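Note that the structure is predicted; figures quoted are calculated from it, not measured.
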Amino acid sequence: MSDERLRRWRLLLGPSAEDVSDLDEDDQRRDGALTGLYGGGGDRGAGLGASSPQLHRWLGDVRKYFPTSVVQVMQRDAVEKLGLKQLLLEPELLQSVEPDVNLVSTLLQLSRAIPARTRDTAKAVVRKVVEDIERRLQDRLVEAVRGAVDRSKRTRRPQLPDVDWATTIRANLKNYQPQHKTVIVEDLIGHRRRSRAAAMRDVVLLVDQSGSMAESLVHAAVLGSALASIRSISTKLVVFDTEVADLTDQLSDPVDLLFSAQLGGGTDINRAVAYAQTLVRRPTDTVVVIISDLYEGGSETELQRRVRELVASGVTVVNLLALSDSGTPAYDHELAAKLSALGAPAFACTPDKFPELMAAALRKDDLTQWAESEGIATGR
């Protein structure tokens, strides 16, 4: 067996396998970090006590000797398996961790218990993750949505920048001049830009704030804030558990919005949809996005009735079972299928697909076909 394979087995098995391979100084620090979290036995059982005075050093070693993706896994294991939540509320510890969506979710779940002296540090951690999501997705979302709304109405008298040249050429092929090898254009076809003086579309984001939806809530807050920056869109963001809270007035700062949410508790989707109905002014120009795993604690019968009413009135309703990168979510398959049958398709969506989803919804495309074209499994 090669030296590298022996080294890897030694790190995997821990100090109980000291005779397998010798470790250099860096690997000894890696081994110490792993042992501190997973123990020293062959199965690497948990060994780091929550009161360990070496925790701050341990966090530093983890960040120094492991790649970011591994750091995030180890931090999550430390928080979830070893009871370190209270320790993560200390400012000096928060400054030592590698921020990611999972850590933000933990902080948001603990937000009511975070002492005043730590809150600014916690917000700084959350803001770093929020800004990373904004950098990756905000411009794409704004461009996709503006394109879907501003160029939504076809006209035969478009301004030059708004000409649909492919359609124009097809419509004028009858005027092709073989001797000149050109088409004489009689009719320009394009899209008329509408005034931005008033919102052209209404978007209502209903976000489940139960603990299982924490990552989705983080992305929804950032993407909702980006939508709110578009003048041609009127955006509402509503969070719910068994109660409903309209956080639209905080969309200007997604970090403050996230700290206003209260993760955990039950789920009453019906109550949230009932509130959304009160926000609908122009049904055919409204998109309602329900971001939830659909484990309904309220009345499923009433929920289905309300969704049926919204769809019948012309509202575009879509159920996002998750808005995250965490893979296939757990969700209520039966309810998802019932809502899909009512015309409110249900599927999970990664944040990078959200701009195209919103553009398709605003254009009133067939969202089931859109999801299938993107390789997204629908909940039906």
Side-chain angles (χ1 to χ4, degrees), residues 33 36-38 46-64 66 68 71-134 207-222 224-225 237-267 324 326:
L37 178 57
Y38 299 112
L48 180 66
S51 61
S52 171
Q54 303 299 318
L55 180 60
H56 185 74
R57 178 180 175 182
W58 177 82
L59 286 168
D61 283 349
V62 167
R63 293 190 66 184
K64 180 177 180 180
F66 296 92
T68 298
V71 171
Q72 293 172 354
V73 171
M74 293 179 72
Q75 287 178 174
R76 188 159 62 248
D77 285 347
V79 171
E80 294 178 355
K81 295 170 63 175
L82 305 178
L84 300 182
K85 289 186 176 181
Q86 290 303 316
L87 290 174
L88 285 178
L89 300 181
E90 296 297 325
E92 60 273 15
L93 296 181
L94 284 179
Q95 292 169 356
S96 301
V97 299
E98 185 72 34
D100 70 337
V101 172
N102 291 291
L103 178 59
V104 168
S105 299
T106 298
L107 291 175
L108 295 179
Q109 292 181 66
L110 296 171
S111 63
R112 295 297 182 272
I114 295 177
R117 68 189 184 90
T118 310
R119 184 164 289 268
D120 287 344
T121 306
K123 282 192 171 184
V125 171
V126 174
R127 191 170 298 281
K128 184 174 181 179
V129 174
V130 164
E131 289 174 349
D132 177 63
I133 297 172
E134 289 175 336
V207 189
D208 186 340
Q209 63 175 352
S210 58
S212 61
M213 298 298 295
E215 186 176 344
S216 295
L217 175 61
V218 174
H219 286 107
V222 179
S225 178
L237 189 142
V238 178
V239 298
F240 66 92
D241 40 41
T242 54
E243 301 294 331
V244 174
D246 191 330
L247 302 183
T248 301
D249 61 351
Q250 298 187 54
L251 278 170
S252 60
D253 189 337
V255 175
D256 285 342
L257 186 152
L258 287 168
F259 274 89
S260 296
Q262 187 168 346
L263 286 165
T267 307
S324 71
S326 297

(Q) If I compare all heavy atoms of Ala221 with all of Leu237, which pair ends up nearest, and what's the gap? (A)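 Looking at all heavy atoms of both residues, the closest pair is CA-CD1, 4.2 Å.
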
Rounded to the nearest 0.5 Å, what's the gap from [atom1] on [X] to [atom2] on [Y]? Could you check?
| X | Y | atom1 | atom2 | value |
| --- | --- | --- | --- | --- |
| Ile133 | Lys128 | CD1 | NZ | 13.5 Å |
| Leu108 | Leu258 | CG | CG | 5.5 Å |
| Leu257 | Ser252 | CG | OG | 9.0 Å |
| Leu217 | Ser324 | CG | OG | 12.0 Å |
| Asp256 | Leu251 | CG | CG | 11.5 Å |

(Q) Between Thr267 (side chain only) and Asp241 (backbone N and O only), is there a donor and an acceptor less than 3.5 Å apart? (A)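 Here the side-chain-to-backbone pair does not exist.
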
Mind checking what makes side-chain hydrogen bond (donor to acceptor under 3.5 Å, both in side chains) contact with [X], not counting sequence neighbours?
| X | result |
| --- | --- |
| Glu134 | none |
| Thr248 | Asp246 |
| Ser260 | Gln250 |

Q.
Walk me through whether His219 and Val101 qualify under side-chain contact (heavy atoms from CB on, under 4.5 Å).
A. CA-CA 9 Å; His219 286 107; Val101 172; 4.1 Å; yes

Residues in salt bridge (Lys or Arg N to Asp or Glu O under 4.0 Å) contact with [X], at least two apart in sequence or another chain:
| X | result |
| --- | --- |
| Glu131 | none |
| Glu98 | Arg63 |
| Asp120 | none |

**Q.** From CA spacing to verdict: side-chain contact (heavy atoms from CB on, under 4.5 Å), Leu247, Val207
**A.** CA-CA 10 Å; Leu247 302 183; Val207 189; over 6 Å; no

Q: Dump the intermediate steps for side-chain contact (heavy atoms from CB on, under 4.5 Å) on Lys123 and Leu107, then the final yes or no.
A: CA-CA 9 Å; Lys123 282 192 171 184; Leu107 291 175; over 6 Å; no

